[in-house]
Asker: 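My structure is below; once you've seen it, I'll send some questions.
Chain identifiers are assigned alphabetically (A, B, ...) following the order of the sequence lines, protein sequences preceding nucleic acid strands; residue numbering begins at 1 within each chain.
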There are 2 protein chains.
Amino acid sequence: MPRQRLAAVTSSPVRDLLALTDRPEIISFAGGLPAPELFDVNGWRAAFTAVLSGPAARRHLQYAPTEGDARLRELAAARLTGRGLPTTAGQLLITTGSQQALTLVAAALLDPGAVVAVEQPTYLAALQCFGMAGARIVPVTADDPAAVAEVFARDRPRLLYLVPTFANPTGRTLPADRRAAIVELAERHGVWIVEDDPYGELRYRGEHLTPLAAGSDRVIHLGSLSKIGAPGLRLGWLRAPEPLRAALIVAKQAADLHTSTVDQAAAAHYLATTDLDAHVGRLRAAYRQRRDTMLTMLAQVMPAGTRWTDPDGGMFVWVTLPGPADTAAILPAALAHDVAFVPGAAFYAADPDRATLRLSFTTSTPEQITEGMRRLGTAITAG
Amino acid sequence: MPRQRLAAVTSSPVRDLLALTDRPEIISFAGGLPAPELFDVNGWRAAFTAVLSGPAARRHLQYAPTEGDARLRELAAARLTGRGLPTTAGQLLITTGSQQALTLVAAALLDPGAVVAVEQPTYLAALQCFGMAGARIVPVTADDPAAVAEVFARDRPRLLYLVPTFANPTGRTLPADRRAAIVELAERHGVWIVEDDPYGELRYRGEHLTPLAAGSDRVIHLGSLSKIGAPGLRLGWLRAPEPLRAALIVAKQAADLHTSTVDQAAAAHYLATTDLDAHVGRLRAAYRQRRDTMLTMLAQVMPAGTRWTDPDGGMFVWVTLPGPADTAAILPAALAHDVAFVPGAAFYAADPDRATLRLSFTTSTPEQITEGMRRLGTAITAG
């Protein structure tokens with residue numbers, strides 16, 4: 001973020017908004033937070049206690065290798081392998097959340113002025129991160145291979161950033177045939193793909209899709225413990241194609257030397273001793289019901305002509321109001337009715353559709369969702 | 001680290017060397033690690049157990065504000081205030097180790113081609129970090145105000161990076177009158193000073209010196225729990241002058257959203273419930289004895305004409321061999337004798353003195369230091 005660009009870089013609107021919605025009476029659909037009542041507190045406490053007991057405890061408080069805890073890398077690799085992406089521990093770099101992975105990729109791959117292609121709308125912290133690296137951001141419709149080919153040929157992007165499964169903010173998933181087509185185009189044009197996959201395990205319907213990285217060495221795959229474990233530990237993993245690995249490790253070393261030794265050790269202990277699939281199954285059951293409640297309520301409370309996505313998984317529903325609406329102008333009325341959402345414009349690199357908004361259904365109970373959606377309907381139809 | 005500079009950026013020589021010295025028979029003076037046998041394992045285990053128990057436990061596993069844990073910021077501010085640097089919680093940003101603070105400062109302040117002034121020799125990960133940001137690095141003799149004034153006037157640096165207290169790698173401390181002179185020059189020339197202070201509490205002799213930041217709003221002060229608590233938690237704090245604070249928070253948000261919630265909460269609990277001064281007193285007593293043993297042995301084993309620093313605190317002694325020596329060429333002989341050090345050239349931005357080497361005295365017991373220094377003397381005089 002060199003100084004001449006400081007003025008252009010603003011704090012995340014979502015995070016600023018969250019600060020405003022931290023009143024207990026607010027029902028917030030604004031954050032992208034996992035449900036805290038579903039955290040496995042006992043499991044995590046046991047894990048931290050275990051790794052800080054016994055002869056290895058002192059090692060878990062000391063400096064550690066940049067690449068990450070060997071056992072955690074093994075366990076994360078096994079989990080990726082089980083999900084259709086054959087991976088060895090040596091291919092993985094543990095990151096301080098997958099947000100850090102985005103910064104490392106930007107540091108290793110982007111010169112000022114480099115072009116980054118993104119879906120539109122997309123994860124806004126990725127937009128910020130690439131913007132801070134001085135990249136020029138070009139929107140692309142990932143679901144349309146001909147449009148992708150045109151952008152690749154015309155703009156010659158250095159990388160394409162995708163959340164292909166249960167995207168933030170739309171909840172959409174790229175079908176298998178589109179994945180194959182995009183990978184083929186990336187290989188032909190020499191474009192790196194960043195496959196950001198924090199939500200992939202939170203599927204409520206349909207069959208698991210193979211990650212893009214399984215089909216190509218042009219794909220950098222990012223995974224995270226934040227949505228299936230606990231985000232407070234800031235633990236993610238980056239599966240790096242061999243030619244990029246050394247540069248990413250150097251960037252990680254400059255960024256923070258390594259990720260918290262004790263958090264990594266606790267996560268390795270947790271993954272080795274817990275039935276994570278069973279825990280994820282509980283998350284899926286709870287979140288599926290919350291999604292269904294939200295979709296049911298959307299049909300009841302929204303004005304005629306409103307459209308919304310019907311996500312197969314993840315945390316978000318993307319809503320488009322009818323006519324020339326501006327959801328940023330509706331937000332104050334919503335907050336006055338004690339309900340919060342994120343206006344959609346922030347998720348666009350250019351030409352925002354201001355009639356859009358993002359709703360997260362994971363942090364509220366079905367009862368809260370029912371009540372919150374009633375409030376939202378009142379705020380929208382009254383405004 | 002844009003791609004055209006990838007080839008110029010190498011992994012830290014110290015960390016690469018550490019990988020080679022990970023044999024149990026090696027006595028290593030190479031690392032800059034605190035002594036693991038002095039970690040307060042019981043205190044840290046109790047802290048993690050406490051913050052993952054009770055009603056706040058779920059909050060300590062959740063996403064959290066970018067600026068850091070409110071209680072930890074209060075406690076770190078109180079500690080800085082007690083050391084002569086009046087600080088409020090609002091002035092501090094919690095960082096993922098103070099290594100991250102360097103990267104945030106680089107992101108917020110440095111354009112490619114910006115000039116960074118550094119002492120010579122200096123902390124090599126700082127050199128890497130500024131190099132990756134595309135900065136031009138200019139050496140300066142901080143102990144000579146006229147030389148500093150000349151560099152400020154001629155090269156117009158954006159910032160001056162200093163480890164003013166028990167520097168890495170030399171162990172030297174900038175006297176009070178020099179601190180005042182440099183601060184005055186920085187204000188006059190509009191140069192930011194980064195005051196990196198990881199070792200300041202590890203004083204074995206003499207009186208505490210007031211941090212440079214106490215005298216000026218041009219100083220960014222970096223502190224760390226790594227040397228007085230445990231480096232594995234990756235916890236540091238950055239005291240940011242007001243005009244930079246917003247930009248540093250945005251850079252932190254892009255870097256990793258926030259530092260580990262559970263580690264921050266555990267550190268706050270630890271600081272609130274432990275007599276850290278007493279713990280630091282134990283570290284000082286142990287490290288003082290280790291420093292004294294190393295200095296005694298240097299006089300016994302080194303060839304005539306060898307010079308070394310006599311640090312008032314910290315972790316390092318800086319040695320200069322007589323004549324046209326090259327310590328990198330001596331290292332293999334040392335490793336063959338099962339002792340390790342860091343050749344000094346890596347700590348220079350330009351024109352290295354190859355007759356120098358860095359010895360760390362904190363990680364070895366006095367008995368190991370005695371034996372290791374005998375081995376080192378043999379390797380040097382035989383080579």
Side-chain angles (χ1 to χ4, degrees), chain A residues 1-4 6 9-12 15 31 33-34 36-37 39 41 44-45 48-49 52-53 57-64 66 96-97 99-100 102-103 107-112 114 125 128-129 132 230-234 246-247 249-251 253-263, chain B residues 1-4 6 9-12 15 31 33-34 36-37 39 41 44-45 48-49 52-53 57-64 66 96-97 99-100 102-103 107-112 114 125 128-129 132 230-234 246-247 249-251 253-263:
Chain A
M1 189 172 46
R3 63 187 180 280
Q4 71 269 34
L6 275 186
V9 176
T10 54
S11 183
S12 156
R15 292 183 73 85
L33 312 181
E37 72 274 19
F39 288 155
V41 176
W44 286 110
R45 187 173 55 247
F48 277 95
T49 305
L52 290 175
S53 305
R58 289 177 194 281
R59 188 162 54 75
H60 297 147
L61 293 170
Q62 186 58 288
Y63 285 115
T66 299
T96 306
Q99 180 68 35
Q100 182 180 60
L102 293 177
T103 303
L109 281 178
L110 300 181
D111 296 301
Q128 283 192 299
C129 184
M132 280 176 58
L233 279 73
R234 311 305 305 119
I249 291 169
V250 172
Q253 199 171 296
D256 60 6
L257 297 181
H258 61 81
T259 295
S260 167
T261 317
V262 61
D263 289 5
Chain B
M1 189 172 49
R3 61 188 182 278
Q4 70 269 33
L6 275 185
V9 176
T10 55
S11 183
S12 156
R15 293 184 70 86
L33 312 181
E37 72 274 17
F39 289 154
V41 176
W44 286 109
R45 186 174 56 247
F48 277 95
T49 305
L52 291 175
S53 303
R58 291 178 193 280
R59 189 163 52 79
H60 297 147
L61 294 169
Q62 185 61 287
Y63 285 114
T66 298
T96 306
Q99 181 66 36
Q100 182 180 61
L102 293 178
T103 303
L109 280 179
L110 301 180
D111 296 298
Q128 284 191 299
C129 184
M132 279 175 58
L233 278 72
R234 311 304 304 119
I249 290 169
V250 172
Q253 200 171 299
D256 59 6
L257 298 183
H258 61 81
T259 295
S260 167
T261 318
V262 61
D263 290 6

Asker: Relative to chain B, which segment of A/T259 carries a heavy atom at a distance below 4.5 Å: side chain, backbone, both, or neither?
Answerer: backbone
Asker: What is the distance from atom NE2 of A/H258 to atom OG1 of B/T96, rounded to the nearest 0.5 Å?
Answerer: 11.0 Å
Asker: I'd like to know if the side chain of A/T103 reaches the main chain of B/A254, judged simply by a donor and an acceptor atom lying under 3.5 Å from each other, with no hydrogens or angles considered.
Answerer: yes
Asker: If we define contacts as heavy-atom pairs under 4.5 Å, which of B/S53, B/A125, B/A57, B/C129 has the most with chain A?
Answerer: B/S53
Asker: Considering only heavy atoms and a distance below 4.5 Å, find which of B/R59, B/Q100, B/H60, B/R58 pairs most often with chain A.
Answerer: B/R58
Asker: Among the options B/L102, B/T49, B/L52, pick out the one with the most heavy-atom pairs lying under 4.5 Å from chain A.
Answerer: B/L52
Asker: Can any side-chain N or O of A/R234 pair as donor or acceptor with the backbone N or O of B/T261 at less than 3.5 Å?
Answerer: no
Asker: Distance-only, no hydrogens or angles: does the B/Q62 side chain make a donor-acceptor pair with backbone N or O of A/P34 under 3.5 Å?
Answerer: yes
Asker: Is any side-chain heavy atom of A/M132 closer than 4.5 Å to one of B/V250?
Answerer: yes
Asker: Going from CG on B/D263 to OG on A/S260, what distance comes out if it is rounded to the nearest 0.5 angstrom?
Answerer: 3.5 Å
